[in-house]
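Notes follow once the structure below has been shown.
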Amino acid sequence: MNPTNLPPLLEVRGLHKSFGGVQAVIDVSFSLQPGQMLALIGPNGAGKSTCFNMINGQLKPDRGEVRIKGQTLAGLAPRQIWMRGVGRTFQVAATFSSMTVAQNVQTVLWSHHRELGRWWRPAADLRRDEALELLDAVGLKQQADVAASILAYGDVKRLELAMALGNQPGLLLMDEPTAGMAPGERHALMELTRRLARERKLGVLFTEHSMDVVFAHADHIMVLARGALIARGSAQEVQDDPKVREVYFGSGKLAR
């Protein structure tokens, strides 16, 4: 599959954001196609989180525009953006430790279907089958009735991914998805994400500090430095870019 042959899912045009006298994001523009894995990388303070938070509605751009499937997200709150099919995972996994694995996913499904107030149906049954399907997709169906609090960290990340799919997103934002994971777990999670992106025509925008993960799983890479995009392209093109080596990675060869 060549995702670049499809029309854009996400379009970001001329984003600017300043905090006082500090320009955090400067004229950032890019697009993302369905099924594509797009990595946004850069040193600490480059503006990655600010970009994410503007796309997700947690910050309002000073200038610029974000469109999903051609519809502008200007002025929408994070929940409104979520209802329009934007999922998100976080550097620190956000799950409900007091619930079972299945209940975590069911809670997202209830919210998506606006059923949080339908208490006349037994909560244990409501949307359980859909929850099990999502858990099966991430390899956690056999642990559906296990307390989320006792999951291994790699499984917590898989649970968070299942929850992020609960609103049937077209776009998935992943902020440092493999932080704190062992090397084998990192690659397994991102390979799973890649498979789901291809199967569901899901656009994935992710930030990541582990370059081995970026080079192994991103279809396209963008590099931010001091708020501005300084390079974009394939893994090899980014490695060979002199600005990237100088500004982001130092003067040496970029290691995978």
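For the numbers below, each heavy atom of this structure counts, side chains included, while hydrogens, waters and symmetry mates do not. In this chain, numbering begins with 1 at the start of the sequence shown.
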What closest approach, in Å, do T89 and A164 show between heavy atoms, and which atom pair accounts for it? CG2-CB, 3.8 Å
Would you say T50's side chain and A24's backbone share a donor-acceptor pair under 3.5 angstrom? no
I need the M83 CE to L76 CG distance, nearest 0.5 Å. 12.0 Å
Would you mind reporting whether Q239 and F215 have side-chain heavy atoms less than 4.5 Å apart? yes
Non-hydrogen atoms of H217 and M37 that approach each other most closely: O-CB, 3.5 Å
Candidate pair V101 and F96, rule side chain to side chain contact (heavy atoms under 4.5 Å, CB included), full reasoning: CA-CA 9 Å; V101 170; F96 303 107; over 6 Å; no
Point-to-point distance, once rounded to the nearest 0.5 Å, from CD1 of I55 to CG of L205: 5.5 Å
To the closest 0.5 Å, what do you measure between CD (Q23) and CG (D62)? 9.5 Å
Tell me whether D241 contacts the main-chain N or O of E237 through its side chain, where contact means a donor paired with an acceptor under 3.5 Å. no
Measuring only between side-chain heavy atoms, which start at C-beta, is T193 closer than 4.5 Å to L161? yes
Which heavy-atom pair separates S210 from R186 by the least distance, and what is that distance? OG-NE, 3.7 Å
Report yes or no: do L15 and I26 belong to one cluster of Ile/Leu/Val/Met/Phe/Trp/Tyr joined by side chain heavy-atom distances under 4.5 Å? no
Are the side chains of R127 and E130 in contact, using a 4.5 Å heavy-atom criterion? yes
If we ignore hydrogens and angles and just use 3.5 Å, is the side chain of S18 paired with the main-chain N or O of G20 as donor and acceptor? no
Side-chain contact, heavy-atom cut-off 4.5 Å: L202 with P169? yes
L229 side, atom CG; C51 side, atom SG - distance, nearest 0.5 Å: 7.0 Å
Between atom CG of N104 and atom CG of L134, what is the distance when rounded to the nearest 0.5 Å? 12.5 Å
Above 12 or not: heavy atoms from other molecules or residues under 6.0 Å from CZ of R226? no
Closer than 3.5 angstrom, by distance alone: can the side chain of E160 be matched with the main-chain N or O of K157 as a donor-acceptor pair? no
Verdict with reasoning, Q36 to R198, per side-chain hydrogen bond (donor to acceptor under 3.5 Å, both in side chains): CA-CA 8 Å; Q36 186 180 43; R198 298 296 197 257; over 6 Å; no
Any side-chain heavy atom of F90 within less than 4.5 Å of one from P177? no
So does L40 get a backbone contact from the side chain of T207, meaning a donor-acceptor N/O pair under 3.5 Å? no
Please check: side-chain N/O of Q80 versus main-chain N/O of A77, any donor-acceptor pairing under 3.5 Å? yes
Give me the atom names and distance for the closest heavy-atom approach of R195 to A137. NH2-O, 3.2 Å
Test your reading of the model: is there a side-chain donor-acceptor pair from R13 to the backbone of R67, 3.5 Å cut-off? no
Give the C-alpha distance, both sets of side-chain angles, the deciding distance and a yes or no for side chain to side chain contact (heavy atoms under 4.5 Å, CB included) between V25 and H16. CA-CA 5 Å; V25 173; H16 287 259; 6.0 Å; no
Tell me the closest heavy-atom pair linking F52 and F206, and the distance in Å. CZ-CA, 3.9 Å
Show me the donor-acceptor pairs within less than 3.5 Å that the side chains of residues 138-151 make with the rest of the protein, sequence neighbours left out.
unit_1 : atom_1 : unit_2 : atom_2 : d
Q143   : NE2    : D155   : OD2    : 3.3
D145   : OD1    : R128   : NH1    : 3.2
D145   : OD1    : R128   : NH2    : 3.2
D145   : OD2    : R128   : NH2    : 3.2

same_hphob_cluster(V156, M99) at 4.5 Å side-chain heavy-atom cutoff: yes
From CD (Q71) to CD (E11), nearest 0.5 Å: 12.0 Å
E185 vs T178, side-chain hydrogen bond (donor to acceptor under 3.5 Å, both in side chains): CA-CA, chis, key distance, verdict: CA-CA 8 Å; E185 290 179 324; T178 71; over 6 Å; no
Are I221 and I41 close enough that some pair of their side-chain heavy atoms sits under 4.5 Å apart? yes
Report the C-alpha distance between I68 and R84 in whole Å, list the side-chain angles of each, state the deciding distance to 0.1 Å, and finish with yes or no for side chain to side chain contact (heavy atoms under 4.5 Å, CB included). CA-CA 8 Å; I68 300 290; R84 281 163 172 74; 5.9 Å; no
For H220, give me all partners under side chain to side chain donor-acceptor pair (under 3.5 Å), at least two apart in sequence or on another chain. none
Side chain to side chain contact (heavy atoms under 4.5 Å, CB included) test vs N56 passes for just one of D175, L73, V86, namely V86
Minimum heavy-atom distance A216-R194, with the two atoms named: O-NH2, 3.6 Å
Hey, does P61 have a side-chain heavy atom less than 4.5 Å from the side chain of K17? no
Does a side-chain heavy-atom distance below 4.5 Å link V12 with S31? no
Take L189 and M181 through the test side chain to side chain contact (heavy atoms under 4.5 Å, CB included) and record every step on the way to the result. CA-CA 10 Å; L189 178 68; M181 301 180 76; 3.8 Å; yes
